[in-house]
There are 2 protein chains.
Amino acid sequence: MKAKKTRTRRGRPLKEDGADDKQQRILDSAEERFSVHGFDGVTIRDVAAGAGVDTALLHYYFETKKGLFDAVFRRRAEILNRMRIESLNAYEQKFGSKVTVEGAVAAFTDPLFDLAAQGDVRWKHYFALLAQVNNTPVWGGKTMARYFDPVIQRLIEIVRIALPTASAADLYWSYHFLSGALTLTLSQTGRIDRLSDGVCRSSDFRAVHERMAPFIAAGFHAVCGGKKRK
Amino acid sequence: MKAKKTRTRRGRPLKEDGADDKQQRILDSAEERFSVHGFDGVTIRDVAAGAGVDTALLHYYFETKKGLFDAVFRRRAEILNRMRIESLNAYEQKFGSKVTVEGAVAAFTDPLFDLAAQGDVRWKHYFALLAQVNNTPVWGGKTMARYFDPVIQRLIEIVRIALPTASAADLYWSYHFLSGALTLTLSQTGRIDRLSDGVCRSSDFRAVHERMAPFIAAGFHAVCGGKKRK
DNA sequence: GTCTATAACTGGATAGAC
DNA sequence: GTCTATCCAGTTATAGAC
């Protein structure tokens, strides 16, 4: 249904239509539902129905509901991390000591916006899921940290080149604002559509894309001492 | 059923120990639990236990679980709205045509930070709840809009004085970033504590307070055309 | 691997006593 | 107003057939 169709070839453990296909369909179904209703708002039954399988199969693959959630979270986190690390590395390699805050922020966010703009709904679901987890007390912070702290530290490393005199506290708080802004954008609540009476649309990632890096970079400079503006 | 106990008296509704006291305890208990676990993560039974009453009483006052949630949300929303509108009005009255973006943003956020700094845990719970709702798909956007759009429009009105040439889209997207940054801060996930290895603390609202307005104001200027920086 | 059937339990909600 | 007692729909999870 989702179609991935790794037709029989070589190398890779050939996972054509059988087992693994269903496993992915379960993950897709779960991803969509978790992203909309949160962990507690979703039932195993509904996930199973969405994937066209029985609930027992979910337990067979993922043992518990929590296990399923973790698998959903992990699947794309790993892909995303690779892309972002690569993007940041490439950016630094290209500009060396002449990196800018805006460039670094763009390198950090571009992979997300590219994926979103590409139109694969499953990535959109995943982003909405991230947004929720990022704002979830108790386990949300831990979960995010576990997977995403390395990329963030890498971003801050690069920003430090552009802002060598900035204090650690200023840098981390600035990142925090970036994280919040990014997260709300990814959560796609339709909030801004109503608020702006249709002038802006949540789904318009291009509009966000062109504004986010300049906005955030200016904030970094204002807080971290660059060219003061206060 | 909404119960408000229109006791015969006048002036202060005198709420000693009786009914209204329990009603408030229920709301406090619910507020705390919803803010931590979200709507679906909380049981009526647990709320009742936390308030030291029976579940039947919650139904007596609030009819349904959703009714309880709405009552929790509304209670402080109204107080908050009054404070923020007053703060924004006072700011504009004082500065007239000489308002700044930074000043307007500060007038918008100060009431929140003041309440948070004041140390009342119930307000902290409420803020965490707002953060979750703001990032909740489906009904989150609607709920936020219903209560908070007027204050936001008021903020934007004032920002417009400082940035008369800004486009509506730029203004709304900038507000969107502000909203995300503010929201994540209020959600108190402890995320930044870990990330910064203790340099920053989620609970340190003073640290956020002094950085937020300059950061956001610089962003507004960068995006809305003030003094370009790109 | 996948499904059927069901166990074991939890949740929101209500009728009715006090 | 407040609680006791209870209903019953819906939940996760598993044993066991195919």
For [X] and [N], what is the distance between atoms [atom1] and [atom2] respectively, to the nearest whole Å?
X: A:Asp20; N: C:dT2; atom1: CG; atom2: C1'; value: 15 Å
X: A:Lys66; N: D:dT12; atom1: NZ; atom2: P; value: 15 Å
X: B:Phe62; N: D:dT2; atom1: CZ; atom2: P; value: 11 Å
X: A:Gln23; N: C:dG1; atom1: CD; atom2: P; value: 8 Å

Practice task
Any pair with a residue in residues 126-145 of chain B that passes salt bridge (charged side-chain N to carboxylate O under 4.0 Å, His left out), sequence neighbours left out, goes on the list, sorted by first then second residue, please.
Solution key: none

Problem - N/O (side chain, B:Tyr60) to phosphate O (OP1/OP2, C:dT14) under 4.0 Å - result: no

Practice task
For D:dT14, take OP1 and OP2 only and decide whether either is under 4.0 Å from a side-chain N or O of A:His59.
Solution key: no

Problem - Listed nucleotide nearest any side-chain atom of A:Ile44, set D:dG1, D:dT12, C:dG1 - result: D:dT12

Problem - B:Glu86: salt bridge (charged side-chain N to carboxylate O under 4.0 Å, His left out) partners, not counting sequence neighbours - result: none

Exercise for the section: Using side-chain contact (heavy atoms from CB on, under 4.5 Å) as the criterion, list what pairs up with B:Asp193, not counting sequence neighbours. Expected result: B:Arg201, B:Ser202

Exercise for the section: Check side-chain contact (heavy atoms from CB on, under 4.5 Å) between B:Ser35 and all other residues, then give those that pass, not counting sequence neighbours. Expected result: B:His125, B:Ala128, B:Leu129

Exercise for the section: Under the ring pair (Phe, Tyr, Trp, His ring centres under 6.0 Å) rule, collect the residues that match up with B:His209, sequence neighbours excluded. Expected result: B:Phe113

Problem - Set of ring pair (Phe, Tyr, Trp, His ring centres under 6.0 Å) partners for B:Phe205, sequence neighbours left out - result: none

Exercise for the section: Quick one: label B:Val42 by what it contacts on the DNA or RNA (base, sugar-phosphate, nothing), any heavy atom closer than 4.0 Å. Expected result: sugar-phosphate

Practice task
Just say parallel, tilted or perpendicular for the rings of A:Tyr175 and A:Phe108, cut-offs at 30° and 60°.
Solution key: perpendicular

Practice task
Using the six-membered ring wherever Trp is involved, compare the ring planes of B:Phe73 and B:Phe148 and label them parallel, tilted or perpendicular (cut-offs 30° and 60°).
Solution key: perpendicular

N/O to N/O distances under 3.5 Å, protein versus nucleotides 3-6 of chain D:
| unit_1 | atom_1 | unit_2 | atom_2 | d |
| --- | --- | --- | --- | --- |
| D:dC3 | OP2 | B:Asp54 | N | 3.4 |

Distance-only criterion, 3.5 Å: show the donor-acceptor pairs between side-chain atoms of residues 36-56 of chain B and protein atoms not counting sequence neighbours.
| unit_1 | atom_1 | unit_2 | atom_2 | d |
| --- | --- | --- | --- | --- |
| B:Thr43 | OG1 | B:Asp46 | N | 3.0 |
| B:Asp46 | OD2 | B:Arg33 | NE | 3.1 |
| B:Asp54 | OD2 | B:Ala56 | N | 2.9 |

Problem - Interface residues of residues 29-41 of chain B with DNA chain D (non-hydrogen, below 4.0 angstrom) - result: none

